[in-house]
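Below is the structure I would like to discuss, written out as structure tokens.
Chain naming here is simple, since letters A, B, ... match the order of the sequence lines and numbering starts at 1 in each.
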There are 2 protein chains.
Amino acid sequence: MKASDTLKQLPHKTIERLSQYRRALLICLDNKKDHIFSHEIAKIQHITPVQVRRDLMLIGYSGTLRKGYNIQELIDLISDIIDSNRGINVAIIGMGNLGRALLNYFSGKRHKLSIVASFDINPDKIGKSVNKIPCYNITEMEKVIKRENIEIGIITVPASQSMITAKQLVDSGIKGILNYTPKPVEVPEGVYLEEYDMITTLEKVSFYVKMENERAADHVIQRKNQGTVASDF
Amino acid sequence: MKASDTLKQLPHKTIERLSQYRRALLICLDNKKDHIFSHEIAKIQHITPVQVRRDLMLIGYSGTLRKGYNIQELIDLISDIIDSNRGINVAIIGMGNLGRALLNYFSGKRHKLSIVASFDINPDKIGKSVNKIPCYNITEMEKVIKRENIEIGIITVPASQSMITAKQLVDSGIKGILNYTPKPVEVPEGVYLEEYDMITTLEKVSFYVKMENERAADHVIQRKNQGTVASDF
DNA sequence: GATTAATTGTTAAATTTATAACAATGCAAA
DNA sequence: TTTGCATTGTTATAAATTTAACAATTAATC
Ligand SMILES: NC(=O)c1ccc[n+]([C@@H]2O[C@H](COP(=O)([O-])OP(=O)(O)OC[C@H]3O[C@@H](n4cnc5c(N)ncnc54)[C@H](O)[C@@H]3O)[C@@H](O)[C@H]2O)c1
Ligand SMILES: NC(=O)c1ccc[n+]([C@@H]2O[C@H](COP(=O)([O-])OP(=O)(O)OC[C@H]3O[C@@H](n4cnc5c(N)ncnc54)[C@H](O)[C@@H]3O)[C@@H](O)[C@H]2O)c1
């Protein structure tokens, strides 16, 4: 089996963590350190050192005993794995609050991942540039996506428009979609789809905060009961 | 074991899906339908009907055979589980591009989850309101958080400031943190933490697009080879 | 030089999560 | 009425993911 075949079978979770490791390592590079231990990476990511070592084992990287992992080497290897050689172009569809924020944020963050276009339906936005990235009319999507070789689309249109936008992207030959609207879309086999709804995450936090509150309340009751029982003796 | 104990043990993934089910059901309510099948929910969420039924089993909800699940009932039950009775107040720290976008977006979306304050360090932002939510000076954090009974903080300050912000939140008695900066923070036991980096998700999409490209390229090579072999006959 | 401590790499086990299998039910159509 | 069929609810199985266990190695220390 070729090395590239092994990589194809990397667990999804490992892919996510590799991206996170690289992000953390890039920050560490600044701190004049050149090596890092598995437990240091683990601490940053709130996971166990074993998890880190296992992930690195899966990508075939070996550290130095008692010195840890060479930060630059590891960054390079992770980049080899998750980045595309020739780079990948990205477009944002919907230049509203979130679209503009993302465009500003992503610009220049990654070498191999460039946002090169945005699209909107509103004449006020079309033709203007945000962060040097032009905003095209949505009607030109297919033309621009083909011309600029755009492979990934980030959807930030109003939720009601998410489906139609996804369809337009697929019809334009997009390979991957990242949908930030709270309305799930459908894509055919072969188009990779990732959806994320911020409210879900906030509700999850809310749920566990609620649980912790109730647990704490229970303990108070328990303590009170214990107190009563104890005083009975 | 009490019913509430069962709920405490709901898988994390189930919690996330419950939030997503409710979101989808709320949309369905508009469409004059009053019942929904497990396979319909499943289709929307890109999962299997079994998964849906299993989740609903875990929360003890029963549908009607051949009619499916009562949408309103299910919404109410999910709300009972994930919402806090008395509601939970939320603050956003860092009124920049993302913070403003989130504030606009979240406002009024959920009954039991209210953003009631924002904080910033920049005098230009302090004292102004976005969407009727006041922006306070970061120095007033503890006072405001206690006064307004804020339990969750959403961090959208520059990455370099994430740690100090998290510490300030913890010191102010916050119960849950949602960190949207790419720099992980540390919190003590008892504070629930959720972190999300949008670049990680984009890089994941990018990785699988790359993989699909390579797979497609491999197939072309295989077809070519096969073709050559065939023409040898 | 031997000993100790720290760290990696890897296999094995446990846990969590998802899928499959299938009985039970009740509506609809024959 | 009866048969067929779609659907639920649940237990059993499988797959994915995490954690544990531990041998191997090296550097520092005694
Ligand atoms: N703002 C946030 O923080 C936030 C957070 C999570 C999710 N979201 C989701 O992201 C989406 C955008 O949110 P927003 O706050 O930026 O909204 P917005 O209204 O500010 O922006 C939407 C933009 O999409 C454009 N648009 C509308 N229809 C279009 C179409 N058919 N094709 C192309 N462009 C179109 C509009 O002209 C507008 O510029 C929404 O679905 C929202 O639910 C936003
Ligand atoms: N913009 C995006 O789409 C996006 C996406 C993902 C992640 N992020 C992350 O979110 C964070 C904010 O991004 P942004 O684009 O809104 O940046 P921004 O610069 O527009 O906003 C940051 C805000 O935080 C305020 N601030 C700075 N230091 C502070 C402190 N110590 N306490 C309180 N407030 C402080 C600033 O005054 C500013 O208003 C960054 O960490 C960024 O990496 C942004």
Side-chain angles (χ1 to χ4, degrees), chain A residues 1 3 6-21 25 28 33-71 73-74 77-78 194-195 200 204 207-208 211, chain B residues 1 3 6-21 25 28 33-71 73-74 77-78 194-195 200 204 207-208 211:
Chain A
M1 195 160 73
T6 319
L7 295 183
K8 270 173 203 159
Q9 288 165 14
L10 287 176
H12 280 227
K13 288 297 178 80
T14 295
I15 297 297
E16 286 174 17
R17 282 190 299 263
L18 286 175
S19 161
Q20 288 163 357
Y21 297 161
L25 292 170
C28 289
K33 263 176 62 163
D34 58 352
H35 282 74
I36 192 166
F37 294 122
S38 62
H39 65 257
E40 292 176 303
I41 300 180
K43 180 118 189 268
I44 298 172
Q45 302 299 144
H46 313 301
I47 58 179
T48 65
V50 190
Q51 181 87 81
V52 174
R53 295 205 298 275
R54 215 174 180 295
D55 285 334
L56 300 190
M57 186 192 82
L58 290 176
I59 63 173
Y61 184 67
S62 287
T64 316
L65 213 49
R66 311 234 6 156
K67 243 174 124 185
Y69 304 96
N70 181 292
I71 296 179
E73 268 180 29
L74 188 46
L77 177 59
I78 293 178
E194 194 77 31
E195 311 201 293
T200 291
K204 193 177 175 191
F207 173 80
Y208 286 107
M211 280 294 154
Chain B
M1 196 162 69
T6 319
L7 296 182
K8 270 172 202 159
Q9 287 165 15
L10 287 176
H12 281 226
K13 289 295 175 86
T14 295
I15 298 297
E16 287 174 16
R17 283 190 299 264
L18 287 175
S19 162
Q20 289 163 357
Y21 297 161
L25 293 170
C28 290
K33 265 175 59 161
D34 58 353
H35 282 74
I36 192 167
F37 295 123
S38 60
H39 64 258
E40 293 176 303
I41 299 179
K43 181 120 189 266
I44 299 171
Q45 302 299 143
H46 314 300
I47 57 179
T48 65
V50 191
Q51 180 86 80
V52 174
R53 295 204 297 277
R54 214 171 182 298
D55 284 336
L56 299 191
M57 186 193 82
L58 290 176
I59 64 172
Y61 184 66
S62 287
T64 316
L65 214 48
R66 311 230 12 150
K67 244 175 123 184
Y69 303 95
N70 181 292
I71 296 180
E73 268 180 31
L74 189 45
L77 177 58
I78 294 178
E194 195 76 33
E195 311 202 292
T200 291
K204 192 178 176 190
F207 173 81
Y208 286 107
M211 279 294 152

Practice item. Measure the distance from CD on Glu40(B) to C1' on dT7(D) and round it to the nearest whole Å. Key: 12 Å

Review point. NE2 of His35(B) versus P of dT8(D): gap in Å, rounded?
Key: 11 Å

Practice item. Would you confirm whether Thr48(A), through its side chain, and Gln51(A), through its main-chain N or O, come within 3.5 Å as a donor-acceptor pair? Key: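 Flag set: sc Thr48(A) to bb Gln51(A) pair under 3.5 Å.
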
Check your understanding: Any side-chain heavy-atom pair from Ile36(B) and Ile71(B) closer than 4.5 angstrom?
Key ->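 Side chain of Ile36(B) against side chain of Ile71(B), heavy atoms only: contact under 4.5 Å found.
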
Exercise for review: Could you tell me the separation between the CE atom of Met57(B) and the C1' atom of dT8(D), rounded to a whole number of Å?
Suggested key: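 That distance rounds to 12 Å.
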
**Study point:** Length of the line joining Lys67(A):NZ and dT26(D):P, which is rounded to integer Å
**Key:** 13 Å

Donor-acceptor pairs are to be reported for all side-chain atoms of residues 52-61 of chain B against protein atoms at under 3.5 Å, with residues two or more places apart or in another chain.
from, atom 1, to, atom 2, distance (Å)
Arg53(B), NH1, Ser38(B), OG, 3.3
Asp55(B), OD1, Thr14(B), OG1, 2.9
Asp55(B), OD1, Arg17(B), NH2, 3.1
Asp55(B), OD2, Arg17(B), NE, 2.6
Asp55(B), OD2, Arg17(B), NH2, 3.4
Asp55(B), OD2, Tyr21(B), OH, 2.6
Tyr61(B), OH, Asn70(B), N, 3.4
Tyr61(B), OH, Glu73(B), OE1, 2.8

Point to revise | Residue pair His12(A) / Tyr208(B): nearest heavy atoms and the distance that separates them | key: CD2-OH, 2.9 Å

Practice item. From the options dT8(C), dT10(D), dT17(D), select the nucleotide whose nearest atom is closest to the side chain of His12(A). Key: dT17(D)

Check your understanding: How close or far is atom P of dT17(C) from atom CG of Leu10(B), stated in whole angstroms?
Key -> 11 Å

Review point. For nucleotides 18-30 of chain C, read 5' to 3', which letter fits each nucleotide if B means a protein heavy atom sits under 4.0 Å from the base, S means only the sugar-phosphate is that close, and - means neither?
Key: SBB----BBB---

Review point. Of all heavy-atom pairs between Lys33(B) and Glu40(B), which one has the smallest distance, and what is that distance?
Key: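 Result for this residue pair: NZ-OE2, 2.9 Å.
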
Practice item. Quick one: list whatever passes salt bridge (charged side-chain N to carboxylate O under 4.0 Å, His left out) with Lys13(B), sequence neighbours left out. Key: none

Check your understanding: Roughly how many Å is it from OH in Tyr61(B) to P in dT7(D), rounded to a whole number?
Key -> 16 Å

Exercise for review: Find the distance Leu58(B):CG to dT8(D):C1' and express it as a whole number of Å.
Suggested key: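 After rounding, the gap between these two atoms is 15 Å.
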
Review point. What's the CD1-P distance between Ile36(A) and dT8(C), to the nearest Å?
Key: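 My rounded result for the distance is 10 Å.
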
